[in-house]
Amino acid sequence: MVSGSDSHGTPITIRADQEKVTPKEIADRFHNQFLTTWDQLGITFDLFTNTQTENHQQAVHKIFTILLDKGYIYPETMELAHCSGCSRFLPDRYVEGTCPHCHQERARGDQCDLCGRTLDPKDLVSPQCTLCGLAPTFQNSEHFFLKLSEFQQPLLDWVNQQNHWRPNVVNFTRSFLESGLKDRAITRDLSWGVPVPVDGYDDKRIYVWFEAVIGYLSAAIEWAQNSNQPDRWKDFWQDSTTKSYYFIGKDNIPFHSIIWPAIIMGYGNHLNLPYDVPANEFLSLENRKFSTSQNWAVWLPDYLASYDPDPLRYLLSINMPEHGDADFSWAEFVRKNNDELVATYGNLVHRVLSFTYRNFSQVVPVPGTLTTADTLLLDTTLEIMDQVSNSLSHTRFKIALSQAFSLAQETNRYLNAQAPWQTIKTDLQRTATILNTSLKVLNCLKVILTPFLPFSSQCLHEYLGFDYHIDNDPWDFTYLVDAIRPGARLEQPKPLFIKLDDELIERETAKLGLHNT
Ligand SMILES: [Zn+2]
Ligand SMILES: [Zn+2]
């Protein structure tokens, strides 16, 4: 699991221009913020690097040079946007205008947000310089082009075989390809970025959309070097049985389903094409598009200062825009926290643990003979563990989480029917068996919920008496059931989640759109 921040995107140079600092300073600042935030949210990578490393530059240069030798990259004179007001060539994102395909106004020079098409500033109707508002002129400059046109048919043939891709990704990619692939310039008149490995191009840089995708390969190489097994990256990139997944958002689809595969096809060297590109559709906030500049956003440092990470992870997972756009609202956040996290799961855990803790001397009770109800619940647990595992491996995350929660519901029904708070008055042995069975199920439930709710799963793991990190537990029913050993000490449990009140909704929605935050 590798990723990293793209250090050379135009938003970085725009921000650096505004703050009058170097692009490196901006890139490093945001990179470090990402690392801290990922950590606080329980999002972990084997390596989260960036594209400023020497290693990345080497990987980019190798691929560039081979594509150039094979004729898939060629130099040509092109007209580029130049602003007389700013006396400079304008990178694509410094030009905005009307999209020629869908007529969206203020489409960016590299891509239209509305229809998702990749664009060239020359395509825009009534283009403007985003720095000063003047209309740019187009002046000649020599650049390198990637011969994308050569890959149109091979890419179509390849995409048509990807029956396991999400329909939105296949459909977008196919219609993009069918409308015709044009060769695109992959260098720009910039001073920030990966240098061009050809003499006479000192004042130009390799453009970000060509080099950033190579970051997946260079990150794997860096990870292998860090692990002192410098050839291990080949297991992921050159073993044809490896399945590689690219987790991205909708606006990134063409770069991962067309451009990166075209680069790999041209480069050869037995590199694996993506196995799956499970792109999510868009998430809106209170039915409006997220906008950092208009402060229509949920700022993670702000969120994390007030609330636990798991409720946010829960809502974003159960409401993930996997197959269609979805909306985030604070009312939904409170409702799902209270009705699902607290009511279905948190209360279940708390009543089993605290009841056992109080009535069985703080240890796992010794079970007697299992009844049909006990065996049925354990069979269901095994079955649901398989279902969740299967859904995860098909990148169906919403379903996986609902399946895991159905085990919590099933266990609630079991407890209500078996009523240990009644049996304890007459039959201590039966009560011990019910609670022992429930603890076994909780030990499985904590594992299948770890991908979604890592922090509360770790808490539950500790309440169940384990003192190591939950990641060391295997996804194995028999192991997890056997790990609940009669007589083992339990820890005094606290509630996994707290109920949130409606005032939160007002407080958080009032912050949206304010400019002084
Ligand atoms: Zn458009
Ligand atoms: Zn200008």
Side-chain angles (χ1 to χ4, degrees), residues 9-23 26 78-141 143 148 152 168-185 188-193 203-205 207-209 248-259 279-284 288-291 293-294 321 324-325:
T10 319
I12 290 174
T13 48
I14 291 178
R15 183 72 175 251
D17 282 346
Q18 283 166 354
E19 292 191 24
K20 310 218 183 316
V21 296
T22 62
I26 301 288
M78 70 183 295
E79 286 187 312
L80 271 183
H82 187 274
C83 178
S84 55
C86 303
S87 38
R88 59 183 287 180
F89 279 107
L90 298 173
D92 296 354
R93 283 213 187 186
Y94 283 62
V95 186
E96 284 182 354
T98 304
C99 171
H101 304 290
C102 72
H103 311 294
Q104 160 86 342
E105 285 177 23
R106 298 203 60 191
R108 299 191 314 259
D110 58 344
Q111 190 178 27
C112 171
D113 270 343
L114 191 66
C115 68
R117 298 303 189 93
T118 54
L119 297 172
D120 188 279
K122 268 205 92 172
D123 302 335
L124 294 172
V125 181
S126 0
Q128 280 192 336
C129 167
T130 59
L131 299 172
C132 72
L134 281 183
T137 55
F138 289 88
Q139 296 188 5
N140 281 339
S141 183
H143 282 284
L148 278 172
Q152 178 165 345
N168 46 326
V169 178
V170 172
N171 293 340
F172 180 92
T173 305
R174 206 179 275 143
S175 80
F176 196 107
L177 288 169
E178 281 165 354
S179 71
L181 273 190
K182 280 193 289 183
D183 297 354
R184 288 192 75 195
R188 282 293 186 276
D189 299 270
L190 291 169
S191 55
W192 174 245
D203 53 349
K204 302 183 198 249
R205 293 291 179 271
Y207 205 40
V208 62
W209 65 258
I248 54 159
K250 182 185 198 167
D251 50 344
N252 256 317
I253 294 174
F255 302 99
H256 295 79
S257 68
I258 295 170
I259 303 226
N280 282 326
E281 298 287 291
F282 286 145
L283 183 77
S284 55
R288 235 176 84 180
K289 193 180 157 184
F290 274 82
S291 162
S293 60
Q294 291 170 39
D325 294 347

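Side-chain atoms are counted along with the backbone in the values below, which use heavy atoms only and exclude waters and symmetry mates. We count ligands from 1, going down the list as the structure has it; atoms in each ligand are counted the same way.
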Compare all side-chain heavy atoms of Pro136 with those of Val95 and state whether any distance is below 4.5 angstrom.
yes
Number of protein N/O/S atoms that sit closer than 2.8 Å to the Zn ion (ligand 2)
4
Please report the interatomic distance NE2(His101) to OG1(Thr118), rounded to the nearest 0.5 Å.
7.5 Å
First locate atom NZ of Lys204, then atom CZ of Phe89, and finally report the distance between them rounded to the nearest 0.5 Å.
6.5 Å
Is the distance between the Zn ion (ligand 1) and the nearest N/O/S atom of His103 smaller than 2.8 Å?
no
Is it true that some N/O/S atom of Cys99, main chain or side chain, lies under 2.8 Å from the Zn ion (ligand 1)?
yes
Please calculate the SG(Cys102)-the Zn ion (ligand 1)-SG(Cys115) angle and round it to 10 degrees.
120°
More than 12 foreign heavy atoms under 6.0 Å from CD of Glu79: is that the case here?
yes
Looking just at side-chain N and O atoms, do Tyr207 and Asp110 make a donor-acceptor pair shorter than 3.5 Å?
no
Residue pair Asp251 / Gln111, side-chain donor-acceptor N/O under 3.5 Å
no
Would you please test Asp113 and Arg108 for side chain to side chain contact (heavy atoms under 4.5 Å, CB included) and show each step?
CA-CA 8 Å; Asp113 270 343; Arg108 299 191 314 259; 3.3 Å; yes
